[in-house]
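This report concerns only the one structure given below.
Nothing here was measured: the structure is a model prediction, and the numbers come from that model.
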Amino acid sequence: MGLGKTLLVIFSLLHALVLATSVGVEHATHDVSTYIIHVAHVHAAPPTHASQCMDQHAIAHYTSFLQGILPSHLSEPTPRLVYAYSHAATGFAAKLAKHQATHIVHHPSILAIFPDKRNELQTTLSPSFLGLSPSNGLVQASNGGGTGAVIAVVDTGVYPKNRRSFTVDPSLPPPPSTFRGRCISTPSFNATAYCNNKLVGAKYFCRGYEAALGHPIDETQESKSPLDTEGHGTHTASTVAGSAVPGANLFGYANGTAQGMAVRAHIAIYKVCWAKGCYDSDILAGMDEAIADRVNVISLSLGGRSEQLYNEPTSIGAFNAIRRGIFVSAAAGNDGPNMSTANNLAPWMVTVGASSINRRFPANVILGNGETYVGTSLYSGRNTAASLIPLVYSGDAGSRLCEPGKLSRNIVIGKIVLCEIGYAPAQEAAVQQAGGVGAIVPSRNVYELNFAAPYAPRVAAFSSRGPNRFVAEILKPDIIAPGVDILAAWTGENSPSSLNIDTRRVEFNIISGTSMACPHVSGIAAMLKVARPDWSPTAIKSAMMTTAYEVDNGGNAIMSSVNGRAAGPFELGSGHVDPNNALDPGLVYNATADDYIAFLCGLGYTPNQIAIFTRDGTTTYCSRRPPIGDLNYPAFSMVFARSGGQVTQRRTVTNVGANTNAVYDVTITAPPGTRLTVAPMRLTFNAQRKTLDYAITLSAGSSNSPYNAWGDIVWSDGQHMVRSPVVATWK
């Protein structure tokens, strides 16, 4: 486009939180930083809360332990304990000099030491889009319990001041009697005023953050309390279980009744994320506390890139959560559409990708020659339809990416600026600061903007993809859920664009990300926990995966927003979550902690590395190394060399349907270029035989280049369709 072209003003306020990870800050003096130290169980302190009321016995125990294993010439600087962990992990976080950490890593009581890392954060319509109704299906089934589930939201806190999403419905049942959480009061968070039968817990964890900063939190900039000054945590908390609020909207957009997935569930807040990120030590402390509080579900709309499962705090904490019967879901990340970008990859947690819903906010860009380009916008300023405004390309104004402070005011003032793909809110702010009146930012969601074919869901371009970089035999992500243009509650301490120059304050905001998709699945899991109290976390996960669907509302394959092609398992996992069908899946794939330990053995992890997860004092695992593909997972992923070959994987299914004498037959769709067999092809259940085994064998020819293909198997008794994707990968 040239300088002479003109168009209507379009100013977008789309806001998505981007996943990133970086190593924690090290201070120059003595090269001191925070480390997470996992210890053999024999050195664990008695169970303790890892929050502001940390048990002093645990602090004294680990302080003494450190002093005892450091020789006198390495005793300076004095180590300082940050946290003690006793539920999500066994060990502690401490500020140490690099030479001290290097020394103690060789002590026999130390299982592993990892530097603290920084992670960053990754609805009026989505309940109805998912088919949720109080009069039938999952919502009705979950309303019959005498208590509601407690969902732990591990995030940036919550902003309950004058937020209708956190008010109490008088019919809301009490939380389970086993729940031990509470709300912590501070000068900026009045627990008595803010907490109720909806918001039943609110705690904060900032010691890792402050250790990385090198000084206490500046409370003129952010609140050292459970109060959310960012907005992200308020949004995810209200998405997972917010009360119904009629007339919710953002500047008139998305008007309707905003409500969470599990409106009869309770929310417990664990604030671990701050203005400059979420540190591993704080995340692990928040999960430790949530497990101690005996929540029912943990929702993690955060994460970062780790090298192995044993140095990923979310994976370690989630392992110990599922052992306590706690369901854990986590965001896949926002690094799509590139492959192998998904995070939170442990098989015992649900990894959630993002999809669109059947709602759009279209806006037209009209050029002076009459050409029209369709886009999306949340512009709330004056109507400029009657006038045409000059257009300038950002590269001709000093910055192709519209970076703050780099655009020429002389060129930009009074014009629309066409930027190249970047972070839209910051680009819009840069244009405004330079005197521009609007900005156009290209989108990677090319086919999402094709309003001539408004089908949903579609896999969001930003949603992180598989395959699983740790172990290709475990398909990730597991599932997709609504994560595009989600309306939910927002903090009163931050603007809807999260930009300092934006002085507006709103009760609700519309944002996108896998962070928004994750609480949808967490809320559905909470309802399933109430409706099916005898199901394990892995059974709930299985039910959601095997009943997920692969077609959009037009009856076509769910497409990618990037290229308009049918999305594959590395984009949508098993498919799009279907809450009502998950209530009655027919068969489930169960797995126990022992199964996961065998899986870790199959990965070749050492006894010490496995002990990081198990916390049971045993380091004599792995008498054998079972095939990792035999983990009882609801999906199949098989890896071949370029020469091809044959792979067999084994599974066990349990009949949870009403008919104890059900007979299931299998339908096979082999990935192109392969031969797929299932043995046996019929499963006959009865009162004594509720659990049965089968195996699939995939035979593949050679491939001259890396290649992926997929098919599926579907077990059916005439009433249930139990589907598992089958993926073949040639390395």
Side-chain angles (χ1 to χ4, degrees), residues 15 123-130 132-134 139 143 148-153 155-175 183 188-202 223 225-269 271 299 301 357 359 378 380 482 485-496 498 504-511 515-516 519-520 522-523 526-527:
H15 173 54
T123 90
T124 55
L125 188 60
S126 53
S128 61
F129 179 74
L130 291 170
L132 293 173
S133 168
V139 175
N143 283 347
V150 177
I151 305 171
V153 180
D155 212 296
T156 65
V158 66
Y159 188 90
K161 296 181 183 179
N162 303 316
R163 290 298 179 263
R164 292 172 287 171
S165 295
F166 304 107
T167 57
V168 180
D169 182 335
S171 67
L172 185 68
C183 292
S188 59
F189 192 89
N190 185 336
T192 301
Y194 298 155
C195 291
N196 50 38
N197 196 34
K198 168 59 69 176
L199 184 60
V200 295
S223 176
S225 78
L227 189 71
D228 179 16
T229 56
E230 307 298 316
H232 190 273
T234 302
H235 198 280
T236 56
S238 59
T239 299
V240 76
S243 300
V245 180
N249 64 81
L250 174 65
F251 306 129
Y253 289 100
N255 188 59
T257 297
Q259 66 180 57
M261 289 294 98
V263 291
R264 291 175 66 81
H266 311 273
I267 302 169
I269 297 297
K271 182 178 177 179
S299 190
S301 289
I357 57 177
R359 173 169 65 198
L378 295 179
S380 61
D485 292 344
I486 304 300
L487 179 80
W490 195 248
T491 180
E493 299 288 327
N494 198 5
S495 68
S498 293
R504 298 170 301 170
R505 295 296 182 265
V506 295
E507 184 179 2
F508 295 92
N509 199 8
I510 297 173
I511 59 177
S515 284
M516 286 65 253
H520 282 81
S522 303
M527 289 189 286

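- The two residues A244 and T257 have their closest heavy-atom pair at CB-CG2, 4.1 Å.
- We find the OG1-CG distance between T156 and D228 to be 3.5 Å, quoted to the nearest 0.5 Å.
- Remark: the backbone N or O of Y159 is paired with a side-chain donor or acceptor of T234 at under 3.5 angstrom.
- Two residues are said to be in side-chain contact when any heavy atoms from C-beta on lie closer than 4.5 Å; F508 and S165 meet this criterion.
- The closest side-chain heavy-atom distance from S498 to W490 is below 4.5 Å.
- Of all heavy-atom pairs between G242 and V263, the closest is O-CG1, 3.5 Å.
- Residues T236 and S301 have side chains that never bring a donor and an acceptor to within less than 3.5 angstrom of each other.
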- Item | Stepwise side chain to side chain contact (heavy atoms under 4.5 Å, CB included) test for F251 and V506 | CA-CA 9 Å; F251 306 129; V506 295; 3.8 Å; yes
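- For the pair K271 (side chain) and L227 (backbone), a donor-acceptor distance under 3.5 Å is present.
- The nearest pair of heavy atoms linking A248 to A258 is CB-CB, 3.5 Å.
- The two residues T239 and A488 come nearest to each other via the heavy atoms OG1-CB, 3.4 Å.
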- Quick one: do M516 and I511 satisfy side chain to side chain contact (heavy atoms under 4.5 Å, CB included)? Show the steps, please. CA-CA 8 Å; M516 286 65 253; I511 59 177; 3.5 Å; yes
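- Closest approach of I269 and G157 over heavy atoms only: CG2-CA, 3.6 Å.
- A distance of 11.0 Å separates OH in Y194 from CZ in R163, rounded to the nearest 0.5 Å.
- For the pair R264 (side chain) and G148 (backbone), a donor-acceptor distance under 3.5 Å is absent.
- With rounding to the nearest 0.5 Å, the separation of CG in N509 from CG in N249 is 11.5 Å.
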- Q259 and S243: CA distance, side-chain angles, deciding distance, side chain to side chain contact (heavy atoms under 4.5 Å, CB included) verdict: CA-CA 5 Å; Q259 66 180 57; S243 300; over 6 Å; no
- Stepwise side chain to side chain contact (heavy atoms under 4.5 Å, CB included) test for I267 and V158: CA-CA 10 Å; I267 302 169; V158 66; over 6 Å; no
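- Under the side-chain contact (heavy atoms from CB on, under 4.5 Å) rule, H266 has a single partner from N197, I151, N196, which is N197.
- Here F166 contributes atom CZ and C195 contributes atom SG; the two are 11.0 Å apart, rounded to the nearest 0.5 Å.
- Distance check, rounded to the nearest 0.5 Å: NZ of K161 to OG1 of T491 gives 8.5 Å.
- Here the CD1 atom belonging to I486 is positioned 9.5 Å from the CD1 atom belonging to I510, to the nearest 0.5 angstrom.
- In the model, D155 has a side-chain atom that pairs as donor or acceptor with a side-chain atom of H232 under 3.5 Å.
- Residues S522 and S299 bring a donor and an acceptor atom of their side chains to less than 3.5 Å of each other.
- In this structure, the side chains of V150 and V200 come closer than 4.5 Å at one or more pairs of heavy atoms.
- With hydrogens and angles disregarded, a donor-acceptor distance shorter than 3.5 Å links the side chain of K198 to the backbone of A241.
- V240 is not listed as a side-chain neighbour of M261, based on a closest heavy-atom distance of 4.5 Å or more.
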